[in-house]
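Below, chain A is the first sequence line, B the second, and so on; all start at residue 1. Since we're looking at a predicted model, the values are computed, not measured.
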2 protein chains.
Amino acid sequence: MVCCVRRNNYVILHRFCYKYTIMKNKRERLKVVSEILKFQVIGSQEELLKQLRKRGFEITQATLSRDLKALKVAKTPLSNGMYKYVLPPQIMPISDELASHNFTSHGAVLSLDFSGHLAIVKTRPGYASAIAWDIDNRATDEVLGTIAGDDTVLLIPREGVSRDKIIKVINHIFQEKN
Amino acid sequence: MVCCVRRNNYVILHRFCYKYTIMKNKRERLKVVSEILKFQVIGSQEELLKQLRKRGFEITQATLSRDLKALKVAKTPLSNGMYKYVLPPQIMPISDELASHNFTSHGAVLSLDFSGHLAIVKTRPGYASAIAWDIDNRATDEVLGTIAGDDTVLLIPREGVSRDKIIKVINHIFQEKN
DNA sequence: AATTTTAATGAAAATAAATGCATGGTTTGT
DNA sequence: ACAAACCATGCATTTATTTTCATTAAAATT
């Protein structure tokens, strides 16, 4: 940006337009890809492509393959025999814009408690299903399944998963900011 | 496993031999695959196959694909433009219980797993209630009750009912000819 | 011991994913 | 502004991976 100071108005305008037209598409697309993969179980590029089309991105599988490579997205097998594309753990910071779409990070999760090997997540009224869905999709390794009521989620940890681990995972998924 | 107590020595010996002859090959192979992936950058199954051949394992790429799936090995892009197969963070024991049973014939039932004395049935979205109803009505002897969410059924077995029994019953209920 | 089930596997078919090449805009340097 | 170097992308193709089908050995059941 600093370098723009040295340039004349024409060029600055030029670059401005550029950022607004071309690059934005790719960046935006990568962001959207991240968001989709963060919250959904996607097992193939074709599948992901459909999701992107829903959101107005008209690209081919070739481009998507390159995008996934750029994002370092890995394809991993799940316990249920399917596959899932997963984002790298730490590399992708969540932008504020994206975070704002994630209503769950706005305090919908109120508490987490345990009874025996079961966990109970309390949420704001009406949020339980949404929260449960997030848990299902983002903690598949630690959580066997969830059952949601209106403001309560029953969380069944996998065998051998400690309370601490559950706490950590829930915290990670629903932490206020990233 | 408890059931083995009831069996005679012949059977026990028989099973022992089995584990030692056949299974050992596969288990050994999976171990070796893990070892290789732990220390080398492997970018394709063919490449890994070569390493295995070096070590005396004569299998095809199809089998390797299955092995990698069983080990939950993910293929991830590297910064240098190549790919690498990576082991999952914590090496989890493979749920043979789950792997050995297919619920796909019914379509709506995706998986069955256990945590403590509870069982979790995963279904396609929206099917949980219907599945739970079927279970309630057709497995009254084995199942105390169920609670259904949207895509998850919490199944509470009666006291003294084994996991194996539950697996069999669920399989039986949702079996369909192809 | 005979019969039925289950598990592992290879071969081949079916999918899925990666890539070479070409094209059309973009940016940079002059 | 012009030329050269770039980047993002689609298309076609290649390469890679997954799955289906059939077979065989092994294990459970009767």
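- What separates CG of B:Asn25 from P of C:dA8 is a distance of 11 Å, to the nearest Å.
- Considering only heavy atoms from C-beta on, B:Asp150 stays 4.5 Å or farther from A:Ser129 through its side chain.
- Using a 4.0 Å cut-off, no side-chain N or O of B:Lys26 falls inside it from OP1 or OP2 of C:dA7.
- In this structure, B:Glu46 places its CD atom 15 Å from C1' of C:dA17, rounding to the nearest Å.
- The separation between B:Phe57 atom CZ and C:dT9 atom P is 11 Å, rounded to whole Å.
- Taken to the nearest 0.5 Å, the CG atom of B:Leu37 stands 7.0 Å off from the NZ atom of B:Lys84.
- The backbone N or O of A:Ala74 lies less than 3.5 Å from no partner atom in the side chain of B:Thr76, so there is not a single donor-acceptor pair.
- Closest to the side chain of B:Arg29, from the set D:dT18, D:dT9, C:dT9, is C:dT9.
- Comparing C:dA11, D:dT19, C:dT19 by their closest approach to the side chain of A:Ala62 singles out C:dT19.
- Between the NZ atom of A:Lys72 and the C1' atom of C:dA18 there is a distance of 16 Å, given to the nearest Å.
- Straight-line distance from the CG atom of A:Leu49 to the P atom of C:dA16: 12 Å, rounded to whole Å.
- Nearest-nucleotide positions on DNA chain D for B:Arg66 and B:Tyr85 put B:Tyr85 closer to the 5' end.
- B:Ser44 comes within 4.0 angstrom of the backbone, heavy atoms only, and of no base.
- Donor-acceptor pairing under 3.5 Å, judged by distance alone, is present between the side chain of A:Gln61 and the base of C:dA18.
- Nearest-nucleotide positions on DNA chain C place B:Ile59 closer to the 5' end than the other of A:Thr63 and B:Ile59.
- Side-chain contact between B:Tyr85 and B:Leu48: absent, with no pair of heavy atoms (C-beta onward) separated by less than 4.5 Å.
- OP1 or OP2 of C:dA18 sits under 4.0 Å from a side-chain N or O of A:Gln45.
- At C:dA17, none of the side-chain N or O atoms of A:Ser65 fall inside 4.0 Å of OP1 or OP2 (strictly under the cut-off).
- A:Glu47 places a side-chain N or O within donor-acceptor distance of the main-chain N or O of A:Gly43, the cut-off being under 3.5 Å.
- DNA chain C is contacted by both A:Lys69 and B:Asp67; B:Asp67 maps to the nucleotide lying nearer its 5′ end (nearest heavy atom per residue).
- Residue A:Leu30 contributes atom CG, which lies 8 Å from atom P of D:dT9 at whole-angstrom precision.
- Per the geometry, CG belonging to A:Leu68 stands 15 Å off C1' belonging to D:dT9, to the nearest Å.
- Across all strands shown, A:Glu47 has no heavy atoms under 4.0 Å from either base or sugar-phosphate atoms.
- Atom NZ in A:Lys75 sits roughly 7 Å away from atom C1' in D:dT17 (whole-Å rounding).
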